[in-house]
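Okay, here's the structure, questions in a sec.
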Number of protein chains: 2
Amino acid sequence: MKTAALPTEDQIDVSTQYIRDSIRDAIVDRRLAPGTKLSEADVGALFNVSRTLVRGALQALSYEGLVNVEKNRGAFVAYPSPEEARQIFATRRLIEPGILREAAKHMGPSHFQHLRQLLMEEGRLMGERGQTARRAEIKASGDFHLMLASMTGNAVMQRFMDELVARSSLVIALYGQSAISSCGHQEHQDIVTAIERGDLDRACHLMIHHIDHIEADLDMRENKSSDLREAFKL
Amino acid sequence: MKTAALPTEDQIDVSTQYIRDSIRDAIVDRRLAPGTKLSEADVGALFNVSRTLVRGALQALSYEGLVNVEKNRGAFVAYPSPEEARQIFATRRLIEPGILREAAKHMGPSHFQHLRQLLMEEGRLMGERGQTARRAEIKASGDFHLMLASMTGNAVMQRFMDELVARSSLVIALYGQSAISSCGHQEHQDIVTAIERGDLDRACHLMIHHIDHIEADLDMRENKSSDLREAFKL
DNA sequence: TTTGGTGAAATTGTATACGATCGACTAAGC
DNA sequence: GCTTAGTCGATCGTATACAATTTCACCAAA
């Protein structure tokens, strides 16, 4: 499932939007490692556009928290600190139960169908092995939360969740332990079931624990070389 | 209380950041009416910078929802529809109780002092009359919520609240009925008191009703000339 | 070998130039 | 007189040029 539609030839309308989405996908998919420098000239050459458009894309990504722009030094794929990660998940715990309740108000049979379909796909991916499958799994896991957000019909909430999920994906890619993420799938299913039964209290409860589990599966010990860099640059 | 410090001479370091803040303040303060066109050349001339920097500022403001950028037509001060306004307040109802609880965890005596001080200032402004005082009142009212958000120590939540408060100010400026906003002040005080007593359930309850009241005080009937404009432009 | 400084190369910050698009006005035709 | 087509001006989209800053390699001195 490509994120950007490819016309027959490669002379697409390569706009800022397209570049932004491409880079974001690459970051969330972990094809771009955290800390990677995104040189304006290099990226521009890659997409055959001038630095102007690249700058716009990088600025947008910096607003989303996926890229850090340092004055006179350039843009880098974000390297979220453990503290940042903690804050992201704290925020999710804070708003996702509310989103769930709000979404439940607007959900009809077709919505449940969509959710179930997504969960099937998610389950299928879990069966597979390999780097690609794991990436797809992380993505699918995020899509579940995004779909719930979209069902609120509230564009503001949706945008907040977009950002939170993207940054979470980055954090998971960084600190995730490959092993246990499979339990998340069952939790998604349980949440949908609880909503379907009208037991929203239980659904919220499950959601919070689900987020707890995601966070607990991370190994966020201070590590790597880059931490020193961060420490002294600030 | 100036928002941007003015050095002795007017040859300040006029960067994108400065332009963005200036425009945002002007929008939130209602010195720029919703729907106003923000021509890149004009704004640039005003700040003595090129269109490049202005574009950056306008793009950032468009992420915040304070400005709408229409392709090949230009940037306009946002004119939030009633539906948008509804979504903004729905989102606030969803996250502010959580912010309140989170903030309460970190609050010590000095924090309460700061809050009380802000409330005093707010009360003082309420006594005065006139356009300027009303603007300051709207701003102070927002600052209360922002201060709570800052006390969570969570940068993500803080940023979300920044955006929500700014957009709320715009909505209030647009649809607000000048009369009744004074009751908000008492509600702020009641909320602080409840937190101070450790009665967080009550504080959350008060907060939600407070937001309800703000929204109820708006007159969001479809109106004005600009709505027609919007209607036909889309 | 390490430390410190200097200069060139690379990269970003900002301004400007030019092509593209949109809107308004005018004029011609019905 | 109203509609419609065409041109002109203004404004935006993108690329490029130039200035400012950083980075890095190289060399000299301790």
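Quick note on labels: first sequence line is chain A, next is B, and so on, each numbered from 1. All values below come from the heavy atoms of this structure, side chains included, with hydrogens, waters and symmetry mates left out.
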Steps toward side chain to side chain donor-acceptor pair (under 3.5 Å) verdict (Q87(B), E83(B)) = CA-CA 6 Å; Q87(B) 294 185 0; E83(B) 172 59 17; 2.9 Å; yes
Tell me: CG of N72(A) to P of dT22(D), nearest whole Å?
-> 5 Å
Rounded interatomic separation in angstrom, taking CG from L38(B) and C1' from dT11(D) = 14 Å
Whole-Å distance between dA10(C) P and K37(A) NZ?
-> 13 Å
What's the CD-P distance between E70(B) and dC12(D), to the nearest Å?
-> 11 Å
Side-chain ion pair, E64(B) and R20(B), N-O less than 4.0 Å | yes
Is atom NE2 of H114(B) surrounded by more than 12 heavy atoms (other residues, nucleotides or ligands) closer than 6.0 Å?
-> no
Spacing between K71(A) atom NZ and dT11(C) atom P, to the nearest angstrom | 18 Å
Could you tell me whether R159(A) sits above the aromatic face of Y63(B), with NZ or CZ closer than 6.0 angstrom to the six-membered ring centre and within 45 degrees of the axis?
-> no
If you look at every heavy atom in Q59(B) and A60(A), which pair is closest and at what distance?
-> NE2-CB, 4.4 Å
Between R73(A) and dT23(D), does any side-chain N or O lie under 4.0 Å from OP1 or OP2?
-> yes
Atom pair distance, as rounded to whole Å: CD in E40(A) and P in dA17(D) = 16 Å
Taking DNA chain C as the partner, which of residues 43-61 of chain B come within under 4.0 angstrom of it by heavy atom?
-> V49(B), S50(B), R51(B), T52(B), L53(B)
Roughly how far, to the nearest 0.5 Å, is the CG atom of L58(B) from the CG atom of L53(B)?
-> 11.0 Å
